[in-house]
Amino acid sequence: MPGHALLSSMLLVVMAHLSRADGAVGTGKSKISAVFMFGDSIVDPGNNNNRLTEARANFPPYGQDFPGGKATGRFSNGRVPGDMLASKLGVKEFLPPYNGDDLELSDLLTGVAFASGGSGYDPLTSIPATATSSTGQLELFLEYKEKLKTLVGEEEATRVISEGIYFTAMGANDIANNYFSIPLRRHQYDLPSYVNFLISSAVNFTMKLNDFGAKRIGFFGIPPIGCCPSQRKHGSRECDTLQNQAAELFNSGIEKEIERLNAERNVHDSRFAYLDIYYNLLDLIKQHDFYVYQDVQ
């Protein structure tokens, strides 16, 4: 699956949504103080660097197109979506990992990423990869809030948190590296039941994040995970239909839940947005010649 294509797809849907929303960028109606990112390897800028895990990217050829050609721990040849979003939103050029070694106060004031490669909404997903689970990422966010209060005071910390924009991008590992790779969940759930479990876990994550002070939350759906080369059967160039169906089922369910949250939690300026990256990316994979990609494996 082409990394740049996924980044571009995520960026496209976010900017399209923001341009339609009240308080869109550039209107002067709403400020964005900081960007915060939760998720898995798609948006991890290096939080796993010091963890005992195979889910790391702080070595070549990762980072070959990053400034200085440095492998920072981003699972990409260059920037990851958090960097691109922070830049396009006018906050800063790069979104650093919260567990980075050289965080400065200015980094904390303008946002960080808590994402961890190998993570998912299912608590069992992060165990084989020894990743920081979705619950663990929320705990880090609470730690971050207390650290920020200590450094700049409660009033300024509250402003940063309330004026920030939050994104979460997880779920692919739950399907590909958990349900379809480890037998435990398949013994407990059929596929529709497991997807419903994932949706419930994701909604719970989102509500907790909102309760912790996040007012604007962008929720990325799952990409066509069955089209990843690692998920195609026996080296086939055909996408795994069942995994893609699971992603579509999750996305349609979570979109409805996000609508429900908007209806139920529309107090205190809370706003939730479902951000679909499935169909844009699938179209690029299926029609790669049109988009001038020679190889999408």
Side-chain angles (χ1 to χ4, degrees), residues 1-16 18 25-26 32-51 53-119 131-132 137 140-141 144 147-148 151 160 164-170 172 218 220 223 228 275 277 280-281 284 291-297:
M1 185 178 295
H4 274 308
L6 182 56
L7 301 185
S8 299
S9 181
M10 295 178 82
L11 186 60
L12 176 65
V13 294
V14 171
M15 299 311 294
L18 287 174
V25 178
I32 296 177
S33 61
V35 175
F36 299 94
M37 184 66 74
F38 300 81
D40 54 27
S41 61
I42 293 174
V43 289
D44 180 358
N47 279 306
N48 280 9
N49 286 358
N50 296 320
R51 295 183 69 87
T53 175
E54 293 182 358
R56 292 191 298 178
N58 55 342
F59 53 88
Y62 294 110
Q64 61 186 9
D65 297 318
F66 196 80
K70 182 180 179 181
T72 61
R74 290 167 168 82
F75 291 76
S76 171
N77 56 302
R79 297 187 295 169
V80 290
D83 301 317
M84 301 176 74
L85 289 169
S87 177
K88 287 295 184 180
L89 294 171
V91 177
K92 56 185 173 184
E93 284 303 303
F94 303 103
L95 193 66
Y98 177 67
N99 288 330
D101 296 327
D102 53 357
L103 276 184
E104 299 180 356
L105 177 58
S106 59
D107 294 318
L108 296 174
L109 286 169
T110 51
V112 291
F114 302 95
S116 175
S119 188
T132 304
Q137 292 178 38
L140 288 176
F141 178 62
Y144 160 83
K147 182 183 295 185
L148 194 62
L151 291 172
V160 171
I165 187 166
Y166 300 75
F167 297 99
T168 176
M170 277 181 274
F220 284 105
C228 287
L275 305 168
I277 57 174
N280 284 339
L281 190 55
L284 187 149
Y291 295 98
V292 202
Y293 277 94
Q294 294 181 346
D295 193 345
V296 293
Q297 290 202 68

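- In this structure, L95 CG and T110 OG1 are separated by 8.0 Å, a value rounded to the nearest 0.5 Å.
- Counting only residues at least two apart or in different chains, ring pair (Phe, Tyr, Trp, His ring centres under 6.0 Å) contacts with residues 78-108 comprise F66-F94, Y98-F114.
- Panel note: side chain N280, backbone I277; no donor-acceptor pair is recorded below 3.5 Å.
- The two residues A34 and V160 make their nearest non-hydrogen contact at CB-CG1, 4.1 Å.
- Residues P45 and P96 come closest through the heavy atom pair CG-C, 3.9 Å.
- Under the side chain to side chain donor-acceptor pair (under 3.5 Å) criterion, T168 pairs with Y121, not counting sequence neighbours.
- Side-chain N or O atoms of D44 include one that pairs as donor or acceptor with a backbone N or O of N47 at under 3.5 Å.
- With sequence neighbours left out, the side chain to side chain donor-acceptor pair (under 3.5 Å) criterion links E93 to S87.
- For the ring pair (Phe, Tyr, Trp, His ring centres under 6.0 Å) test, no residue two or more places apart in sequence or in another chain qualifies with F75.
- Considering only residues two or more places apart in sequence or on other chains, L151 meets the side chain to side chain contact (heavy atoms under 4.5 Å, CB included) condition with L105, L108, K147.
- Taking E54 as the reference, nothing meets the side chain to side chain contact (heavy atoms under 4.5 Å, CB included) condition, with sequence neighbours excluded.
- Here the side chains of V43 and V80 are not in contact, with every heavy-atom distance at 4.5 Å or above.
- Proximity of the aromatic rings of Y166 and F141 is defined here by a centroid distance below 6.0 angstrom, and this criterion is met.
- Between L275 and F167 there is a side-chain heavy-atom pair separated by less than 4.5 Å.
- Atom CZ of F220 and atom CG of D40 lie 11.5 Å apart (nearest 0.5 Å).
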Run the side-chain contact (heavy atoms from CB on, under 4.5 Å) test on I42 and M170 for me, step by step, so that the C-alpha distance in whole Å, both residues' side-chain angles and the decisive distance to 0.1 Å come before the verdict. CA-CA 8 Å; I42 293 174; M170 277 181 274; over 6 Å; no
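- Judged as a side chain to side chain donor-acceptor pair (under 3.5 Å), and not counting sequence neighbours, the contacts of D101 are N50.
- The side-chain heavy atoms of M37 and V112, taken from C-beta on, include no pair separated by under 4.5 Å.
- S33 is linked by a side chain to side chain donor-acceptor pair (under 3.5 Å) to nothing, counting only residues two or more places apart in sequence or in another chain.
- Side-chain N or O atoms of Q137 include one that pairs as donor or acceptor with a backbone N or O of T132 at under 3.5 Å.
- The salt bridge (charged side-chain N to carboxylate O under 4.0 Å, His left out) contacts involving residues 67-76 comprise R74-D83, where partners must be two or more places apart or lie in separate chains.
- Scored by the side chain to side chain contact (heavy atoms under 4.5 Å, CB included) test, N58 finds N49, R56 as partners (sequence neighbours excluded).
- Residues satisfying the side chain to side chain contact (heavy atoms under 4.5 Å, CB included) criterion with A131, sequence neighbours excluded, are S116, S119, S126, A129.
- A heavy-atom distance below 4.5 Å is not found between the side chains of D107 and D102.
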